[in-house]
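Letters A, B, ... are given to chains in the order of the sequence lines, protein chains preceding strands, and every chain is numbered from 1.
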There are 2 protein chains.
Amino acid sequence: MRHKRAVAAITPSLAQPAYQQIKNYVLEHIQNGTWKEGDLIPTELALCETFKVSRMTVNRALRELTTDQLLVRYKGSGTYVAQPKFQSTLIEIRSIAQDIRDRGHRHSSKVLQLDSVRANDLQARRFQIAPGAKLFHSVIVHYENDIAIQVEDRLVDAAVAPDYLEQDWQVLTPNEYLMRVAPLPNGQYTIEVKLPTKEIAAQLDIPMSQPCLVMDRVTFSNRAFTSNACMWHPGNRYKFAGKY
Amino acid sequence: MRHKRAVAAITPSLAQPAYQQIKNYVLEHIQNGTWKEGDLIPTELALCETFKVSRMTVNRALRELTTDQLLVRYKGSGTYVAQPKFQSTLIEIRSIAQDIRDRGHRHSSKVLQLDSVRANDLQARRFQIAPGAKLFHSVIVHYENDIAIQVEDRLVDAAVAPDYLEQDWQVLTPNEYLMRVAPLPNGQYTIEVKLPTKEIAAQLDIPMSQPCLVMDRVTFSNRAFTSNACMWHPGNRYKFAGKY
DNA sequence: TAGTGGTCTAGACCACAGC
DNA sequence: CTGTGGTCTAGACCACTAT
């Protein structure tokens with residue numbers, strides 16, 4: 001049999017796919033307060049009738065809204081408006097080199113240190129690796145138009161990146177390199193204010209009294225520790241920005 | 001006709017749904033480098049045959065991976081491995097009151113200021129509202145176990161929250177309140193290091209020489225300006241943390 | 001023109017809620 | 001037991017790309 005892609009209740013024309021129109025319909029009810037958090041919303045079958053579409057189409061709309069955490073669904077029970085998420089802020093930390101280039105500026109970098117170390121007990125616990133595990137250690141300064149904006153102090157699991165010491169960091173930043181050898185990263189980070197050490201102050205060309213914006217990040221890939229990066233930025237000429 | 005939920009190629013039993021097994025299959029190929037960024041991967045029909053499932057099932061798997069930005073799809077062309085995303089960091093900024101309670105501590109707050117103002121030209125441009133538009137202005141200090149950890153200086157569009165001045169901020173924080181009157185927020189923020197003003201230093205009980213971690217956030221709901229919050233935290237006893 | 005992904009249908013079986 | 005969502009099928013029409 002043939003259907004007709006009937007989209008009756010909302011738009012007879014089909015500028016948007018039916019599942020998207022159903023998503024919009026639900027979103028509007030949530031936005032204007034008709035359906036509040038915790039409320040039970042119409043069942044899939046009810047929406048099928050309202051929109052004159054098949055259940056798979058309604059299911060896709062509700063499933064996507066569930067993935068976005070706007071709805072919660074329980075088998076045998078029904079579909080509910082989720083608790084509000086407050087703010088989920090998405091910081092997109094791309095390659096710092098790419099970031100700089102996107103601002104129309106020139107990126108350059110200098111390798112200060114590049115060696116091999118053994119994990120101490122503190123690191124072993126924090127990174128969930130064996131004490132004494134082999135790690136590579138690099139310290140690199142990043143410049144934007146020849147002005148230092150980041151000192152990147154990094155530890156990398158030698159097992160994950162055995163050729164780490166042989167890379168040319170003028171071509172690829174450590175971050176970019178690690179994305180290739182250890183894709184699909186996840187982890188945690190902190191952002192805080194710290195005074196620089198004498199060495200970091202010298203590299204960033206700031207006085208030791210100038211506080212820095214410091215991001216510390218531990219990265220795992222496929223459940224295995226990959227890298228820990230501690231990134232120091234001069235507080236007087238650097239800020240993080242993002243959208244959510 | 002009856003099917004058999006055939007999951008042939010990977011798992012004859014069905015511990016996981018077929019679409020999830022297909023997602024895993026693709027993920028493994030990307031993780032172990034068999035399929036690299038930019039590579040063309042098998043078509044839907046090819047995967048249908050491999051897994052002995054219907055096209056809708058394969059389609060769901062590939063569509064979800066596309067939403068996660070692991071794949072890119074082009075009509076008429078094919079499905080490709082996406083460029084790596086570098087790091088997408090998800091800061092979850094929940095209610096500060098809830099954050100404090102989750103740490104097992106006591107939240108309290110004090111309202112320092114609460115009044116009505118008119119948008120100046122700078123604010124009008126930044127918030128995309130009319131100059132002279134009515135805004136409510138609040139300054140609130142948040143305490144964790146009676147220690148000040150945030151001064152929240154906030155502007156709110158009076159049209160969005162006409163009863164803003166009448167709220168009891170001991171019950172709900174402004175953030176929590178705004179989530180109710182203006183759901184599904186989005187916007188931008190910056191995080192930077194700043195020295196406090198005399199007033200802010202006094203409220204946070206820190207010297208004026210103590211740098212602060214400052215988050216400035218502009219929030220829109222349904223494309224209309226909702227609020228601008230400037231949150232000052234003492235740099236010596238506060239940090240942002242998150243996962244990604 | 002042949003092949004790709006984008007969307008949709010009208011069924012179906014299942015696990016699970018609540019009565 | 002009925003009703004809910006979770007998943008799946010075997011088709012289909014369409015817009016688009018590549019040849």
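Taking every side-chain heavy atom of B:V53 into account, D:dT9 is the closest of D:dA15, C:dT7, D:dT9. Taking only side-chain atoms of B:T79, from C-beta outward, the nucleotide of C:dG5, C:dT4, D:dC8 with the closest atom is C:dG5. Each of C:dG5, D:dT9, D:dT4 was ranked by its minimum atom distance to the side chain of A:T43; first place goes to D:dT4. In this structure, the nucleotide among C:dC8, D:dT7, D:dT4 sitting nearest to the side chain of B:M56 is C:dC8.
A:R63 has no side-chain polar atom (N or O) that falls below the 4.0 Å cut-off from OP1 or OP2 of D:dG5. The phosphate of D:dT7 has OP1 or OP2 within less than 4.0 Å of a side-chain N or O from B:Y19. In this structure, A:S77 does not reach the C:dC16 phosphate: none of its side-chain N or O atoms is under 4.0 Å from OP1 or OP2.
Between the C1' atom of D:dC14 and the CG atom of B:N59 lies a distance of 14 Å, rounded to the nearest Å. Between the C1' atom of C:dT7 and the CZ atom of B:R60 lies a distance of 15 Å, rounded to the nearest Å. For the pair B:E44 CD and D:dT9 P, the computed distance is 13 Å after rounding to whole Å. What separates NZ of A:K75 from P of C:dG18 is a distance of 14 Å, to the nearest Å. A:I22 places its CD1 atom 13 Å from the P atom of D:dG5, with the value rounded to the nearest Å. Taking atom CD on A:Q20 and atom P on C:dG6, their separation rounds to 15 Å, with Å as the unit. Here the C1' atom of nucleotide C:dG3 and the CG atom of B:L45 are 9 Å apart, to the nearest Å. Going from atom CG of A:L40 over to atom P of C:dA17 covers 15 Å, rounded to whole Å.
With a 3.5 Å ceiling on both atom-pair distances, D:dT2 lacks any Watson-Crick or G-U wobble partner. Pairing partner, C:dC8: D:dG11, with both Watson-Crick or wobble hydrogen-bond distances short of 3.5 Å.
Residue B:R55 holds its CZ atom at 6.5 Å from CG of B:L45, rounded to the nearest 0.5 Å. Distance check: A:R154 CZ to A:L135 CG gives 13.0 Å after rounding to the nearest 0.5 Å.
Counting non-hydrogen atoms under 4.0 angstrom, A:R55 reaches a base of the nucleic acid.
The aromatic ring centroids of A:W35 and A:Y80 lie 6.0 Å or more from each other.
By the neighbour-count criterion of 12 heavy atoms within 6.0 Å, atom CD of B:E49 is sparsely surrounded, having that number or fewer from other residues, nucleotides or ligands.
The residue among A:S54 and B:L62 whose nearest nucleotide of DNA chain C lies closer to the 5′ end is B:L62.
The pair B:E64-B:R60 counts as a salt bridge, with a side-chain nitrogen and a carboxylate oxygen less than 4.0 angstrom apart.
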